[in-house]
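Quick notes on the structure that follows.
Every chain is numbered from 1, with letters handed out A, B, ... down the list of sequences. Keep in mind that the numbers below use all heavy atoms, side chains included, and drop hydrogens, waters and symmetry copies. Since the model is a prediction, treat every value here as computed from it, not as a measurement.
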2 protein chains.
Amino acid sequence: MQITRQTEYAIRTLLELSRVPFGKLLQTRVISERQGIPEVFLTKTVQVLALAGLVQTQRGTQGGVKLAVPGDQITLADIITAIEGTLAINICLAENYSCPNMATCKVHQVFRRAQEAMLSELNSVTLSDLVETEKMQVSLENE
Amino acid sequence: MQITRQTEYAIRTLLELSRVPFGKLLQTRVISERQGIPEVFLTKTVQVLALAGLVQTQRGTQGGVKLAVPGDQITLADIITAIEGTLAINICLAENYSCPNMATCKVHQVFRRAQEAMLSELNSVTLSDLVETEKMQVSLENE
DNA sequence: GATAAATAAGATATAATTAGTCCACTATCC
DNA sequence: GGATAGTGGACTAATTATATCTTATTTATC
Ligand code: SF4
Ligand code: SF4
């Protein structure tokens, strides 16, 4: 009942990308150093994010990774889903699984409500929200 | 990001126990048959539930398993916690883990809110609620 | 007290998932 | 053409989940 390390890595990666001007490339090496993420593993994670359409990559000198869409269009739920697939807190909430009890099972319904409550929180915050707050804090500290 | 099979087994086991009069013993064998749970594995699960104080076991002839407290005092969250330990959707929400960013990390805070939203749903329903509904359905069908 | 019924405990086995590495390759910029 | 940076696939290691087996221990009942 926990997100995986890789998902954490993905979140922190996207946060790093959100901290630079939109469109600017960062190398996975830089991200891995700043965030303490195993470098080779991070490249794998970035590929998944790219496949999910959250980042774009560019090879070669001066290459790197950038956000595919502005940070205010990416929520925490998007990131989790990109790495782990559709979120389901119980097996019967995942696609193409059918428990015989599903039609009447009250537990199933409670799980669905619980999951929706969680998702609604995770969907309510975008990358921009997360880094905006940081910027405000910095500017307050400088006053 | 899913509860384990064992947790599902635990829920279904406690539901079975809630369906009989409070204090009545059921054998793990009976429960495993009714719910299609591997029998030997179920005994392990029952032991965990007993350790958590949700059920009481009795050995010997006419022995079995029963609820340790009435069904209206056991929520879904209790059961999940009993099997999986304190629920934490991210590593930094678990006890005795400290990420360097924890103090200021906005993501951490969002995760906490998301988790609380989920927990509040899972805590809002007791075993009694779940089987009461069943009984009402049965009586409606008999009308 | 013998016996059969029932769980307890612990070791062990198997499978699945997660985490991470290695290496040869391709694209890009200069 | 050389340096740089991501790609893709195979591979390994570690951890967790799932399950079984075996031997004890408890207890009602005859
Ligand atoms: S018993 Fe209910 S909660 Fe469990 S898997 Fe089936 S539908 Fe889902
Ligand atoms: S970076 Fe934030 S969300 Fe991630 S582990 Fe640390 S405190 Fe938690």
Atom CD of A:Gln2 and atom C1' of C:dT18 are separated, to the nearest Å, by 13 Å

Between P on C:dA16 and CD1 on A:Ile91, what's the gap in Å once rounded to a whole number? 13 Å

Nearest whole angstrom, please: distance from the P of D:dA19 to the CD of B:Glu8. 12 Å

Quick check on D:dT16: is either OP1 or OP2 less than 4.0 Å from any side-chain nitrogen or oxygen of B:Thr4? no

Spacing of B:Lys44 atom NZ relative to D:dC21 atom P, expressed in whole Å: 13 Å

Expressed in angstrom and rounded to an integer, what is the separation of B:Gln6 atom CD from D:dT20 atom C1'? 14 Å

A:Thr75 side-chain N/O to A:Asn123 backbone N/O, donor-acceptor pair under 3.5 Å: no

When you measure from the side chain of B:Gln115 to the backbone N and O of B:Ile89, does any donor-acceptor pair fall under 3.5 Å? yes

Calculate the interatomic distance between B:Leu42 atom CG and C:dT7 atom P; express it in whole Å. 9 Å

Taking atom C1' of C:dT7 as reference, at what distance in whole Å does atom CG of B:Leu51 sit? 14 Å

Could you pull out the protein-nucleic contacts involving nucleotides 2-7 of chain D (nitrogen or oxygen on both sides, under 3.5 Å)?
residue : atom : partner : partner atom : Å
D:dT4   : O2   : A:Thr61 : N            : 3.3
D:dA5   : O4'  : A:Gly60 : O            : 3.0
D:dG6   : OP1  : A:Thr28 : N            : 3.1
D:dG6   : OP2  : A:Thr28 : OG1          : 2.9
D:dG6   : O3'  : A:Thr57 : OG1          : 3.4
D:dT7   : OP1  : A:Thr57 : OG1          : 2.8
D:dT7   : O4'  : A:Arg59 : NH2          : 2.8

Can you check whether A:Tyr9 has a side-chain N or O nearer than 4.0 Å to OP1 or OP2 of C:dG20? yes

Does a side chain donor of either A:Glu8 or B:Asn90 reach within less than 3.5 Å of an acceptor in the other side chain? yes

Between the side chain of A:Glu39 and the main-chain N/O of A:Ser32, is any donor-acceptor distance below 3.5 Å? no

Starting at the 5' end of DNA chain D, which residue's closest nucleotide do you reach first, B:Ile3 or A:Val40? A:Val40

For the side chain of A:Glu121 and the backbone of B:Phe111, is there at least one donor-acceptor N/O pair under 3.5 Å apart? no

Would you call B:Glu16-B:Arg19 a salt bridge at under 4.0 Å N-O? yes

List the residues meeting salt bridge (charged side-chain N to carboxylate O under 4.0 Å, His left out) with B:Arg59, not counting sequence neighbours, and say none if there are none. none

Send over the distance from A:Ile37 CD1 to C:dT18 P, rounded to a whole Å. 18 Å

